[in-house]
Amino acid sequence: MTVRFLKFCLVGFSGVFVNMAVFSLLDQKGFYYVLAAVIAFLAAVSNNFFWNNSWTFKDRCGEKSSLKGRYASFFVISAACLLGNLFILVLLVEKCEWPHQMAQITSILVMSVANFFGQNIITFGAKKE
């Protein structure tokens with residue numbers, strides 16, 4: 001599980017890069033920061049699915065549902081984590097007065113652990129016999 005978690009984190013870093021690039025661009029263009037976070041999530045989630053499906057959990061892909069089924073599951077779990085991310089983001093920006101980018105990266109890091117366990121168990125978990 002440690003190697004798989006490290007792979008998940010490496011994939012996550014690429015997703016964070018995509019997320020933060022889109023978020024920062026939209027934030028600088030004056031988008032409402034919560035809307036920018038949602039759009040950035042949508043840009044990053046497909047990147048993360050591709051790499052997790054083809055690398056991190058490659059050995060499990062034949063055991064679970066179709067590619068579409070895995071993507072749907074990956075998206076739903078990621079979206080649930082997005083809700084946690086948005087809660088933390090708004091809390092840090094509105095209550096703690098953190099800068100938008102710092103609050104966004106912190107929110108992503110906190111929710112990454114929950115996302116890993118959800119994906120590991122549900123999306124890419126071993127089939128029950």
Side-chain angles (χ1 to χ4, degrees):
M1 176 140 45
T2 303
V3 171
R4 195 177 307 276
F5 182 70
L6 291 174
K7 285 181 173 183
F8 187 84
C9 289
L10 287 172
V11 169
F13 287 134
S14 73
V16 169
F17 178 79
V18 170
N19 186 299
M20 290 305 296
V22 172
F23 180 81
S24 295
L25 176 68
L26 296 175
D27 191 48
Q28 289 172 0
K29 296 288 184 185
F31 278 66
Y32 178 54
Y33 70 95
V34 174
L35 178 59
V38 171
I39 294 169
F41 161 80
L42 293 172
V45 75
S46 290
N47 170 77
N48 288 4
F49 175 76
F50 173 80
W51 289 110
N52 279 308
N53 189 67
S54 62
W55 184 51
T56 308
F57 298 100
K58 182 179 180 179
D59 60 316
R60 293 186 183 173
C61 289
E63 299 175 11
K64 291 297 276 185
S65 62
S66 67
L67 181 66
K68 287 180 186 178
R70 285 191 307 275
Y71 184 80
S73 176
F74 188 89
F75 187 88
V76 168
I77 292 166
S78 296
C81 290
L82 173 64
L83 293 177
N85 173 290
L86 293 175
F87 174 78
I88 295 167
L89 175 66
V90 170
L91 178 71
L92 293 175
V93 169
E94 300 296 329
K95 300 295 182 190
C96 301
E97 299 180 359
W98 284 27
H100 294 169
Q101 284 79 11
M102 184 185 295
Q104 173 70 344
I105 195 76
T106 301
S107 301
I108 290 168
L109 291 173
V110 169
M111 292 310 300
S112 291
V113 175
N115 194 12
F116 171 75
F117 283 107
Q119 303 302 354
N120 186 51
I121 294 166
I122 298 168
T123 303
F124 299 104
K127 231 179 174 177
K128 299 230 188 300
E129 297 294 324

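These numbers come from the heavy atoms of this one structure, side chains and all, not from hydrogens, waters or symmetry mates.
Atom CZ of residue Phe116 and atom CD1 of residue Ile121 lie 8.5 Å apart, to the nearest 0.5 angstrom. One distance of note links CG of Leu86 with CG of Leu35; it measures 10.5 Å at 0.5 Å rounding. Taken from OG in Ser24 to CD1 in Ile105, the straight-line distance is 9.0 Å, to the nearest 0.5 Å.
Under the 4.5 Å side-chain heavy-atom criterion for Ile, Leu, Val, Met, Phe, Trp and Tyr, Val113 and Val76 are members of distinct hydrophobic clusters. Val90 and Leu83 are not part of a single hydrophobic cluster, where members link through side-chain heavy atoms under 4.5 Å apart.
With sequence neighbours excluded, the residues that form a ring pair (Phe, Tyr, Trp, His ring centres under 6.0 Å) with Phe57 are Phe124. With sequence neighbours left out, the side-chain hydrogen bond (donor to acceptor under 3.5 Å, both in side chains) criterion links Ser112 to no other residue. Qualifying side-chain hydrogen bond (donor to acceptor under 3.5 Å, both in side chains) partners for Asp27, counting only residues two or more places apart in sequence or in other chains: His100, Gln101. With sequence neighbours excluded, no residue forms a ring pair (Phe, Tyr, Trp, His ring centres under 6.0 Å) with Phe17. Under the side chain to side chain contact (heavy atoms under 4.5 Å, CB included) criterion, Ala40 pairs with Asn19, Val22, Phe23, not counting sequence neighbours. Checked against side-chain hydrogen bond (donor to acceptor under 3.5 Å, both in side chains), Ser14 has the following partners two or more places apart in sequence or in another chain: Asn47. Partners of Phe49 according to the ring pair (Phe, Tyr, Trp, His ring centres under 6.0 Å) rule, which considers only residues two or more places apart in sequence or in another chain, are Tyr71, Phe74. Qualifying side-chain hydrogen bond (donor to acceptor under 3.5 Å, both in side chains) partners for Gln119, counting only residues two or more places apart in sequence or in other chains: Ser78, Asn115, Thr123.
When all heavy atoms of Ala114 and Cys81 are compared, the closest pair comes out as C-SG, 4.1 Å. Here the shortest heavy-atom pairing between Ala44 and Gly15 reads CB-O, 3.5 Å. For the pair Asp59 and Thr56, the tightest heavy-atom approach, listed with the atom from each and the gap, is OD1-O, 4.1 Å.
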Note to self: Show, in sequence, the C-alpha distance, side-chain angles and deciding distance for Arg60 and Asn53, and conclude whether the side chain to side chain donor-acceptor pair (under 3.5 Å) test is met.
What the structure shows: CA-CA 9 Å; Arg60 293 186 183 173; Asn53 189 67; over 6 Å; no
Note to self: Show, in sequence, the C-alpha distance, side-chain angles and deciding distance for Asn85 and Gln104, and conclude whether the side chain to side chain contact (heavy atoms under 4.5 Å, CB included) test is met.
What the structure shows: CA-CA 8 Å; Asn85 173 290; Gln104 173 70 344; 3.4 Å; yes
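Counting only heavy atoms from C-beta outward, the side chains of Lys58 and Lys7 never approach each other to under 4.5 Å. The shortest distance between side-chain heavy atoms of Phe75 and Arg70 does not fall below 4.5 Å. You'll find the side chain of Phe117 stays beyond 4.5 Å of the side chain of Ile122, heavy atoms only.
Grouped with Trp51 in one hydrophobic cluster are Leu10, Val11, Phe13, Phe50, Trp55, the linkage being side-chain heavy-atom contacts under 4.5 Å among Ile, Leu, Val, Met, Phe, Trp and Tyr residues. Taking a 4.5 Å side-chain heavy-atom cut-off between Ile, Leu, Val, Met, Phe, Trp and Tyr, the cluster of Leu25 contains only that residue. In the hydrophobic clustering (ILVMFWY side chains linked at under 4.5 Å, chained through shared members), Met102 is joined by Phe87, Ile88, Leu92, Trp98, Val110, Met111. Apart from Val18 itself, the hydrophobic cluster it occupies contains nothing, where clustering links Ile, Leu, Val, Met, Phe, Trp and Tyr at side-chain heavy-atom distances under 4.5 Å.
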